[in-house]
A.B. asks: 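Following this message is one structure expressed as structure tokens.
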Amino acid sequence: VQDLLAFDLEARVASHLGRSAEAPDIAAVVQQLRAVSEALRPPALGPFGLAAALTAHVDRFRESHPGIAVSLDLDEDTLPPKTRLALFRIAHEAIDNAALHGPPIRIHVHLSTSAAGAELTIRDDGQGWKVPDDISTLARGERYGVFGMLMQAESVLLALYWQSPIKQKLLLIVLSP
């Protein structure tokens with residue numbers, strides 16, 4: 001969107017000066033808009049469930065991170081829509097954070113569901129990080145990704161746990177019954 005607005009401004013200035021403006025790569029702008037839109041509410045989530053949405057996200061992730069092997073072990077779910085969306089956003093952020101900060105060679109995503117609830121576990125073999133005693137320090141230290149995952153979890157009464165031992169980072173989200 002910013003690229004399109006910048007082009008509009010450049011075109012106006014160029015027109016005023018009697019010049020032409022170079023058009024942005026519209027396909028790239030559309031691709032960026034789709035990525036943002038899908039991260040907010042993936043199209044597969046509603047009709048096909050969390051497993052399908054996670055699979056679609058991981059397929060796109062693999063294209064942009066060919067050096068990271070991602071494995072999936074996903075149950076189908078009958079979770080409420082808000083819970084599905086929160087779990088999707090948490091998984092999306094966790095996978096992206098692993099690639100950004102790890103960097104891992106492998107990421108494993110496991111979703112197990114039952115009548116009692118759901119458990120989502122994301123493991124990677126990246127370098128890990130020290131889990132702070134006071135979670136609010138994450139936002140003060142501009143680590144908004146993990147803080148955002150906590151906010152997503154709280155929004156639908158999920159319990160969010162993580163451990164970060166050396167070479168085995170673990171993010172665990174448990175749906176309270």
A.B. asks: Could you measure the distance from the CG atom of Leu54 to the CG atom of Leu111? Nearest 0.5 Å is fine.
C.D. replies: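 Atom-to-atom, Leu54:CG and Leu111:CG are 7.0 Å apart.
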
A.B. asks: By the salt bridge (Lys or Arg N to Asp or Glu O under 4.0 Å) test, which pairs, at least two apart or in different chains, include something from residues 146-160?
C.D. replies: none

A.B. asks: So, do Arg62 and Val70 sit near enough that their side-chain heavy atoms are less than 4.5 Å apart?
C.D. replies: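 Contact flag for Arg62/Val70 side chains = yes.
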
A.B. asks: Please give me the minimum heavy-atom distance between Pro47 and Pro43, naming the atom from each residue.
C.D. replies: CD-O, 3.3 Å

A.B. asks: Applying salt bridge (Lys or Arg N to Asp or Glu O under 4.0 Å), name anything that partners Asp96, two or more places apart in sequence or on another chain.
C.D. replies: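 Once residues adjacent in sequence are excluded, Asp96 has no partner under the salt bridge (Lys or Arg N to Asp or Glu O under 4.0 Å) criterion.
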
A.B. asks: Roughly how far, to the nearest 0.5 Å, is the NZ atom of Lys82 from the CG atom of Leu158?
C.D. replies: 13.0 Å

A.B. asks: If Ile, Leu, Val, Met, Phe, Trp and Tyr residues are connected whenever their side-chain heavy atoms lie under 4.5 Å apart, and connections chain through other members, are Leu100 and Ile107 in the same group?
C.D. replies: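 Cluster IDs for Leu100 and Ile107 differ.
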
A.B. asks: Hydrophobic clustering (ILVMFWY, side-chain heavy atoms < 4.5 Å, transitive) - are Leu72 and Leu45 grouped together?
C.D. replies: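 Same cluster.
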
A.B. asks: Quick one: does Asp125's side chain have a donor or acceptor within less than 3.5 Å of a partner on Pro104's backbone?
C.D. replies: no

A.B. asks: Would you call Ile95 and Asp124 a side-chain contact if the rule is heavy atoms closer than 4.5 Å?
C.D. replies: no

A.B. asks: Taking only residues two or more places apart in sequence, or in another chain, which ones meet Gln152 in a side chain to side chain contact (heavy atoms under 4.5 Å, CB included)?
C.D. replies: Ala86, Arg89, Ile90, Ser155

A.B. asks: For residues 73-81, tabulate all N or O donor-acceptor pairs below 3.5 Å that involve a side-chain atom, not counting sequence neighbours.
C.D. replies:
unit_1, atom_1, unit_2, atom_2, d
Asp73, OD2, His110, ND1, 2.8
Asp75, OD2, Thr113, N, 3.0
Asp77, OD1, Leu50, N, 2.8
Asp77, OD2, Leu79, N, 3.0
Asp77, OD2, Arg84, NE, 2.6
Asp77, OD2, Arg84, NH2, 3.3

A.B. asks: Taking only residues two or more places apart in sequence, or in another chain, which ones meet Thr55 in a side chain to side chain donor-acceptor pair (under 3.5 Å)?
C.D. replies: none

A.B. asks: Can you pull out every ring-ring contact (aromatic ring centres under 6.0 Å, His included) where at least one residue sits in residues 59-85? Sequence neighbours excluded, please.
C.D. replies: Phe61-His65

A.B. asks: Give, for atom CG of Leu87 and atom CD of Glu119, the distance between the pair rounded to the nearest 0.5 Å.
C.D. replies: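 That separation rounds to 11.0 Å.
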
